[in-house]
Amino acid sequence: MAPSFHIPQITLPSRAGDAIAPDQLDLLRQACLDHGFFLLNNEDGHGGFHIAPEQIGRVWSAAADLFDAPLDAKRAVSVASSANNRGYFSSADHAEYNKDPAGVRIKDNKEGFFFGSDNLIAPGNRVPAGKAAAGTEMEGYMEAGRAACVAVMRAIVTAGLLAEAGETCPDAFQSRYLSDPVYMAKCLKYPPSNGNTDAHTDYGCITLLLPGDSGLEVHVGGAWHAVPFAPGAFVINFGDLLSAWSRGAVRSTIHRVIYNSAAGAPRYSLPLFLHPNRGTMVRTPGGAAAGGSVGGFGRPVGDGSGDVVVDTYRWAAAVCVDTYSYVLSRFDATYKHRAAAAGAGNGVGTHAMGDNAGAGAAKVDEGTGAISTTCAEAAKA
Ligand SMILES: O=C(O)CCC(=O)C(=O)O
Ligand SMILES: [Fe+2]
């Protein structure tokens, strides 16, 4: 049966250990099971997560400032000329990745700046000459967004969605996997007409998106649905890695952006992608090859509606995935310069795992499985 389509707006505490309201936890759990999208309130009061409106205002100004740099200055810090995958990119720097279930093609024509945490390949973000202040603002926003992602990951564990991986304690989960997470943010700009992002799934654990306008769509129940735009709220969605980690309980769903502005304004957006600490191994469920259901959640491979969650099960066999190598493998698959480097054999793009179990098998460590945890906080939930 096709999942129901409702995108709830949820309030979560930002402080580790603060209780999550039971009704909010229920909404979050259902959204994860159905389609993996919800809106996260960014508000103060009743313990709600809060990034100050002043900081949000500053980061939007910083985004506009970065793109205002002359094209030459942007190209001088091209992601293609960086050793750590940082800097300016356009659709020309990306490999094709359209995943529209019906094969519909839209032209991806956004541009962006890629920022990352220091533990992602090597430290050092790159911004055009004269834009250092905007870069610092983006880095400050990434820190605030990282905390929001950690709060959501704790809620996922509290909601029991990682129980099949043996993870039921938010404190243990946070200290084991999120004490020094790997993360990246993209500062994106879409043109006023036909501003698009191809249909895709995100590949990591959690995406915290600050959209500047409507245009985001998600494929559920065989059809595209608009994700509501609520100014000031974040959109949260989940990637292939968390979907696999949760044995399919948390959905990684195909989405895209189609943007046309009546006012002739560009669309800016700020997605932030969080991955666990380097060294984290995740045991995936397998099952895609057998075509059977996966884990006690009984999630079938696809739901017959066309919004096949096949990437959830990108690993046909149950394997232990080195999450950091996996992230790099996705860079190799999606950024042309990294694929080229891998082909040239210079060692930059040699993480050829992730898309198929065969290549991933080199990274398998079957001895590293999930670790059971229980604690009072989970028991309370
Ligand atoms: O710009 C948006 O609203 C969404 C972008 C997105 O899906 C992504 O970067 O993964
Ligand atoms: Fe995305």
Side-chain angles (χ1 to χ4, degrees), residues 7 35-40 42 56 59-60 63-64 66-67 79 85-86 88-91 93-101 106-116 138 141-142 145 149 152 183-220 224-243 250-261 265-275 307 309 311-312 314 327 330-331 333-335:
I7 296 198
H35 47 62
F37 272 76
F38 64 88
L39 306 184
L40 176 65
N42 180 37
I56 302 274
V59 78
W60 282 133
L66 287 173
F67 287 109
V79 73
N85 215 72
R86 306 294 213 282
Y88 176 76
F89 63 88
S90 72
S91 57
D93 296 303
H94 273 293
E96 291 275 325
Y97 56 84
N98 184 39
K99 284 185 185 165
D100 187 288
I106 54 174
K107 187 171 154 35
D108 187 310
N109 57 1
K110 61 182 184 292
E111 53 181 334
F113 288 91
F114 188 108
F115 290 82
M138 278 296 306
Y141 174 76
M142 272 206 302
C149 289
V152 174
Y183 52 96
M184 64 199 84
K186 291 180 191 166
C187 178
L188 300 177
K189 182 180 182 183
Y190 297 80
S193 56
N194 300 314
N196 302 330
T197 284
D198 279 345
H200 67 282
T201 56
D202 294 348
Y203 43 74
C205 277
I206 166 169
T207 304
L208 173 104
L209 172 72
L210 185 60
D213 206 338
S214 55
L216 181 61
E217 299 180 354
V218 57
H219 199 269
V220 177
W224 289 104
H225 303 264
V227 175
F229 172 59
F234 299 104
V235 177
I236 302 288
N237 70 284
F238 302 98
D240 301 336
L241 185 63
L242 186 66
S243 201
V250 178
R251 283 218 147 146
S252 166
T253 309
I254 295 171
H255 54 284
R256 70 180 182 187
V257 173
I258 295 195
Y259 178 68
N260 286 291
S261 164
R267 176 182 187 271
Y268 294 91
S269 75
L270 292 167
L272 190 153
F273 308 90
L274 187 96
H275 309 275
D307 46 329
V309 286
D311 269 23
T312 295
R314 85 165 61 243
V327 170
R330 299 312 299 151
F331 289 179
T334 50
Y335 287 93

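When a ligand or atom number is given, it counts from 1 through the structure's own listing order.
- Protein heavy atom at the shortest distance from atom 3 (O) of ligand 1 is Arg267 NH2, 2.8 Å.
- Inclusion of Lys186 in the set of residues having an N or O under 3.5 Å from an N or O of ligand 1 is not warranted.
- Which parts of ligand 1 touch His255 is read off a 4.0 Å heavy-atom cut-off, strictly below it: atoms 7 (O).
- His200 NE2, 3.6 Å is the protein heavy atom nearest to atom 8 (C) of ligand 1.
- Vertex the Fe ion (ligand 2); arms to His200 NE2 and Asp202 OD1; angle rounded to 10 degrees, 90°.
- At a heavy-atom cutoff of 4.0 Å, ligand 1 is contacted by no atom of Arg256, backbone or side chain.
- Contacts between Val235 and ligand 1 below 4.0 angstrom, taking non-hydrogen atoms only, are absent altogether.
- Aromatic ring centres of Tyr268 and Tyr190: separated by at least 6.0 Å.
- Remark: distances from the non-hydrogen atoms of Thr197 to ligand 1 are all 4.0 Å or more.
- Separation of the His275 and Tyr183 ring centroids does not fall under the 6.0 Å cut-off.
- With a 4.0 Å heavy-atom cut-off, ligand 1 is reached by the side chain of Ser269 but not by its N, CA, C or O.
- Neither the backbone nor the side chain of Lys110 has any atom closer than 4.0 Å to an atom of ligand 1 (non-hydrogen atoms only).
- Of the possible donor and acceptor atoms, none in the side chain of Ser243 sits under 3.5 Å from a partner among the backbone N and O of Gly239.
- Between Asp100 and Arg256 a salt bridge is recorded (basic side-chain N to carboxylate O distance below 4.0 Å).
- With no hydrogens or angles considered, no side-chain donor-acceptor pair links Ser91 and Asn109 at under 3.5 Å.
- Nearest protein heavy-atom neighbour of atom 5 (C) of ligand 1: Tyr190 OH, 3.7 Å.
- One N or O on the side chain of Thr253 and one on the backbone of His35 form a donor-acceptor pair closer than 3.5 Å.
- Residue Pro271 approaches ligand 1 through these ligand atoms, each under 4.0 Å from one of its heavy atoms: 9 (O).
- Residues Asp108 and Thr197 share a closest heavy-atom pair of OD2-CA, 3.5 Å.
- A side-chain N or O of Asp202 and one of Thr207 form a donor-acceptor pair less than 3.5 Å apart.
- Distances below 4.0 Å separate heavy atoms of Val257 from the following atoms of ligand 1: 1 (O), 2 (C), 3 (O), 4 (C).
- His255 has its closest N, O or S atom to the Fe ion (ligand 2) at the position named NE2.
- Under a 3.5 Å cut-off, the side chain of Asn237 and the backbone N or O of Phe38 do not form any donor-acceptor pair.
- Under 4.0 Å from ligand 1, the heavy atoms of Asp202 that appear belong solely to its side chain.
- If you look at His255 and His200, their ring centroids are closer than 6.0 Å.
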